[in-house]
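The sequence lines fix the lettering, A, B, ..., with proteins before strands; numbering per chain opens at 1.
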Protein chains: 2
Amino acid sequence: MFSKTCEYAIRAMIFIAQKSKDGSKIGIREIAKGIDSPEYFIAKILQELGRKGVVQSMKGPTGGFYLDNSARKTSLATIVKAVDGDNIFSGCGLGLKQCSDKHPCPLHHEFTKIRKDITNMLNKTKVGDLQEELDQKLTFLRRD
Amino acid sequence: MFSKTCEYAIRAMIFIAQKSKDGSKIGIREIAKGIDSPEYFIAKILQELGRKGVVQSMKGPTGGFYLDNSARKTSLATIVKAVDGDNIFSGCGLGLKQCSDKHPCPLHHEFTKIRKDITNMLNKTKVGDLQEELDQKLTFLRRD
DNA sequence: TCTATAAAAGATATTTTTGTCTTTTATTTC
DNA sequence: GAAATAAAAGACAAAAATATCTTTTATAGA
Ligand code: FES
Ligand code: FES
């Protein structure tokens, strides 16, 4: 469904939301541990998300990653788009160069329904909401 | 959603269903052209599907690929499972090692709904049915 | 039985994704 | 201002996915 990169990105965003909700910042090493991802790899991903303004960061001592109030309202759709592009939102399920109602592939009618559900789900789900459930220990970001 | 390999596999299966419905067989070169895929690559994929009994083939002159009556009833789920494994049917949307109700990731509740829809869709959709729509030119296997 | 044909099998190559390491830059604290 | 810290940037490496080519095997038909 999502690339590994995207899975890590979403997990990291929720983790950062949690660890920075009191205004503090969280380092890359702890993030990697918290979400069970390769340290250098998630660093690269967050760097890119930082450039796009999806996550905030500060260098130097006491520095690290955090989310400002507007970033907490980021939808998963925004993250997915930033990392994986928009193939999942508009691409053909059978890999035709273009998805189109006028020139549909054999799966088009069934696939667009699902694609719509996925899009709705990703649009309505915000990082901040997922972080709250995580806080209540109703959900988890890693599995040992 | 699906790997390139899987997209080609599904398209090829529908194409073979169409071209072999009169009992004839279809060669790899025509298949590659018909579904706009790399020739040697789809050959490898069909070889593997052949080993698994998902598609039928014959060597030699007048040889080629075809689908017997039972293969026409193959569901997309069978093809996807044969090619991509069962990650899409049971894997965690955020890439945790295990998807579980007891230890759910933040996306679990929303994701399992969609995963179920996908599973149902792939199970109920049969190659033969898609081929019929293709015959009526209601759908297409390539886009130029 | 010989020849031509077409898939199977095996080997190799390229590209993309995923993962790692090193150097540079910004920031804090002393 | 100097030292320590942590992310940014850039270079590199490994693995997986995608793609291509060559040789072998089975089959049909002359
Ligand atoms: S054309 Fe394939 S999903 Fe729309
Ligand atoms: S645990 Fe992630 S989808 Fe079930």
Should the pair B:K97-A:D36 be classified as a salt bridge under the 4.0 Å nitrogen-to-oxygen rule?
yes

Rounding to an integer number of Å, can you tell me how far B:E39 CD sits from D:dT22 P?
13 Å

Take atom CE of B:M1 and atom C1' of D:dA17, then tell me their distance rounded to the nearest Å.
19 Å

What is the distance, rounded to the nearest whole Å, between atom CD of B:E48 and atom P of D:dA17?
14 Å

Spatial distance of atom CG (A:L107) from atom CZ (B:F2) [nearest 0.5 Å]:
6.0 Å

Starting at atom CD of A:E7, determine the distance to atom C1' of C:dT17, rounded to an integer number of angstrom.
13 Å

When we call it a touch if two heavy atoms are under 4.0 Å apart, what does A:R51 touch: a base, just sugar-phosphate, or nothing?
sugar-phosphate

Give a yes/no on whether any side-chain N or O of B:S3 is located under 4.0 angstrom from OP1 or OP2 of D:dA17.
no

Pick the nucleotide of DNA chain C nearest each of A:T62 and B:I26; which residue has the one closer to the 5' end?
B:I26

Figure out the CD1/C1' separation between B:I31 and C:dA6, and round it to whole Å.
11 Å

Closer than 4.0 Å, any side-chain N/O of B:T5 to the OP1 or OP2 of D:dT18?
yes

Compare all side-chain heavy atoms of B:S100 with those of A:R143 and state whether any distance is below 4.5 angstrom.
yes

Looking at C:dA8, C:dG19, D:dA28, which one has an atom nearest to any side-chain atom of B:Q47?
C:dA8

A:F41 CZ to C:dT17 P, in whole Å, measures 10 Å

A:I16 CD1 to D:dA6 P: how many Å, rounded?
15 Å

Which is more 5' along DNA chain C, the nucleotide nearest A:Y40 or the one nearest B:I28? Just name the residue.
B:I28

Compare the minimum distances between each of C:dT18, C:dA4, D:dA19 and the side chain of B:P61, then state the nucleotide with the smallest one.
C:dA4

Classify the side chain of A:K4 and the base of C:dT18 as holding, or not holding, a donor-acceptor pair under 3.5 Å.
no

A:P104, A:C105, A:P106 screened by side chain to side chain contact (heavy atoms under 4.5 Å, CB included) with B:F140, the one that passes
A:P104

Once you round it to whole Å, what is the distance between C1' of C:dA8 and CD1 of B:I42?
15 Å

For the residue pair B:K44 and B:Y40, would you count it as a cation-pi contact if the rule is NZ or CZ under 6.0 angstrom from the ring centre and within 45 degrees of the ring axis?
no

Pick the closest DNA chain D nucleotide for A:K44 and for A:G64 by heavy atoms, then say which residue is nearer the 5' end.
A:G64

